[in-house]
Amino acid sequence: MPELPEVETTRRGIAPWLEGRTPSSVVIHNPSLRWPITPELPERLTAGPIASVERRGKYLLLNNPLGTALVHLGMSGSLRVSSPEDPRRKHDHVELGLDGERVLRFNDPRRFGAWLWTSDWQQHPLLAPLGPEPLEVDFTGDRLYKGSRGRRASVKAFIMDAKTVVGVGNIYASEALFQAGIHPGRPAGSVGRQRYRRLAEAIREILGNAIAVGGTTLRDFTDSSGNPGYFRQSLTVYGRGGEPCKICGTPLKDRVIAQRSTVFCVRCQR
DNA sequence: AAGGATTCCTGTTGGC
DNA sequence: TGCCAACAGGAATCCT
């Protein structure tokens with residue numbers, strides 16, 4: 001399930017193959033993603049060189065002189081650079097020809113991903129409302145504290161809301177709340193300033209560490225070369241329901257909070 | 001306005 | 001062993 005570290009890992013892998021090049025072709029094998037791929041996408045993406053590959057939250061931005069292709073991996077999407085001779089895999093929906101030797105393929109079994117075209121991504125309705133980047137300086141505990149006053153939803157739902165901060169999905173939200181010692185079901189408005197400072201620090205540290213080892217591979221995430229990420233071995237609570245807490249040994253609880261499976265320690269997290 | 005429920009989809013898993 | 005229902009999950013969208 002790609003969260004910010006997996007998307008950033010993907011960005012770093014594909015950028016060197018795309019930047020400065022004009023795709024020779026864009027072939028859409030199946031346009032039925034989260035939203036139908038607009039038929040104009042191929043002509044737009046082949047119109048000029050891709051100047052840069054950026055990331056905003058979990059969106060990848062392929063920028064060229066006409067605008068930007070917004071690529072979202074959804075929950076099962078991946079991008080891979082391979083040889084044109086490598087056989088297409090099941091669920092390869094989009095293919096960019098890079099030169100004679102390489103192709104970029106978008107694979108997405110569940111088709112929750114997206115490829116959208118926009119002439120101005122900053123104004124795009126999906127991107128404009130997004131909150132701060134967790135690894136940038138404007139993401140702070142004080143900001144979380146202020147934004148959460150009066151909020152009755154759980155602190156877990158609050159930090160998974162992209163308007164609060166981008167890129168924190170179910171796995172890293174659980175990990176950060178454990179590291180900060182905060183119970184995921186606690187109302188966001190009842191968490192104090194100091195504890196939000198701890199939480200912001202935990203989010204930063206965990207996402208940064210995950211990026212450094214290529215993300216988390218649970219089942220099938222791989223980078224653009226097909227390699228797994230190694231953060232899984234650093235997970236302290238996610239996927240460990242019923243197993244002992246690594247701090248106090250109490251069996252970890254597993255229950256649904258914010259519509260998602262959530263693992264936490266009733267003793268260490270309050 | 002806020003927050004919870006629903007929805008899209010397919011591969012994996014668990015029960016019988 | 002085989003079949004099928006339940007489940008997982010990002011996040012927009014619907015509903016209250």
Side-chain angles (χ1 to χ4, degrees), chain A residues 1-11 29-38 55-61 70-79 88-94 106-116 118 121 124-131 133-134 144 146-176 184-191 203 207 210 215-222 228-229 231-232 235 237-242 254-263:
Chain A
M1 298 101 231
E3 299 187 29
L4 187 146
E6 292 73 38
V7 177
E8 177 62 19
T9 296
T10 299
R11 188 195 70 76
H29 298 292
N30 182 356
S32 303
L33 301 182
R34 171 147 203 180
W35 297 279
I37 297 180
T38 172
R55 180 188 56 73
R56 177 74 178 99
K58 297 179 191 171
Y59 289 89
L60 289 167
L61 316 175
L70 305 175
V71 181
H72 199 291
L73 302 179
M75 72 162 287
S76 62
S78 61
L79 288 165
R88 265 179 60 214
R89 296 180 302 160
K90 194 178 180 185
H91 307 302
D92 278 346
H93 305 312
V94 180
F106 174 75
N107 185 279
D108 188 3
R110 265 156 251 189
R111 292 192 273 118
F112 287 181
W115 281 69
L116 301 168
T118 175
W121 67 265
H124 193 278
L126 291 172
L127 301 195
L130 294 180
E133 288 286 333
L144 287 180
K146 289 181 186 129
S148 61
R149 293 310 86 189
R151 299 291 291 271
R152 296 161 65 177
S154 68
V155 61
K156 186 187 180 217
F158 178 63
I159 62 170
M160 286 178 67
D161 183 342
K163 292 194 278 303
T164 302
V165 56
V166 296
V168 181
N170 199 41
I171 298 172
Y172 297 112
S174 299
E175 294 297 317
R186 171 179 283 278
S190 77
V191 177
I203 289 171
L207 294 180
T216 300
T217 297
L218 288 178
R219 185 166 298 128
D220 50 14
F221 170 76
T222 62
F231 195 71
R232 183 175 190 173
L235 297 178
V237 287
Y238 184 85
R240 296 192 62 245
D254 187 352
R255 72 180 179 93
V256 173
I257 297 174
Q259 281 80 46
R260 289 292 173 262
S261 157
T262 308
V263 185

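Numbers restart at 1 for each chain; the letters A, B, ... are given by sequence-line order, proteins then strands.
Residues A/Leu4 and A/Arg55 form a side-chain contact, since some pair of their non-hydrogen atoms from C-beta on lies under 4.5 Å apart. Proximity of A/Tyr59 to A/His72: side-chain heavy atoms (C-beta onward) are separated by under 4.5 Å at one or more points.
Stacking annotation: A/Phe112 is not stacked on the base of C/dA11 (requires ring centroids less than 5.5 angstrom apart and an interplanar angle below 30 degrees).
Rounding to whole angstrom units, CZ of residue A/Arg149 and C1' of B/dA1 are separated by 18 Å. Nucleotide B/dT10 holds its P atom 13 Å from the CE atom of A/Met75, rounded to whole Å.
Taking the side chain of A/Gln259 as heavy atoms from C-beta on, and the options B/dG4, C/dG10, B/dG3, the nearest nucleotide is B/dG4. When distances are taken from the side chain of A/Arg34 to each of C/dG9, B/dG11, C/dA11, the shortest belongs to C/dA11. Among the nucleotides C/dG10, B/dG4, B/dC9, the one closest to any side-chain atom of A/Arg111 is B/dC9. Of the listed nucleotides (C/dA11, B/dC9, B/dA2), C/dA11 has the atom at the smallest distance from the side chain of A/His72. Side-chain proximity of A/Pro109 to the nucleotides C/dG9, C/dA11, B/dT10 is greatest for B/dT10.
Using a 4.0 Å cut-off, some side-chain N or O of A/Arg151 falls inside it from OP1 or OP2 of B/dG3. Between A/Lys58 and the phosphate of C/dG10, there is no side-chain N or O to OP1/OP2 separation shorter than 4.0 Å. Not one side-chain nitrogen or oxygen of A/Lys163 sits closer than 4.0 Å to the OP1 or OP2 atom of B/dA2.
Across all strands, A/Tyr59 comes closer than 4.0 Å only to sugar-phosphate atoms, never to a base (heavy-atom distances). Among the heavy atoms of the strands, none lies under 4.0 Å from A/Gly169. Using a 4.0 Å heavy-atom criterion, one finds that A/Tyr238 contacts the sugar-phosphate atoms exclusively. Nucleic acid contact for A/Leu73: none, since no nucleic acid atom lies under 4.0 Å from a heavy atom of the residue.
A pairwise comparison of heavy atoms in A/Thr164 and A/Phe158 identifies OG1-O, 2.8 Å as the closest pair.
The backbone N or O of A/Gly189 lies less than 3.5 Å from a partner atom in the side chain of A/Arg149, making a donor-acceptor pair.
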Would A/Asn170 and A/Ser261 count as a side chain to side chain donor-acceptor pair (under 3.5 Å) if you check the C-alpha gap in whole Å, the side-chain angles of each, and the deciding distance to 0.1 Å? CA-CA 8 Å; A/Asn170 199 41; A/Ser261 157; 5.1 Å; no
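With hydrogens and angles ignored, a donor-acceptor pair closer than 3.5 Å exists between the side chain of A/Arg260 and the base of C/dG10.
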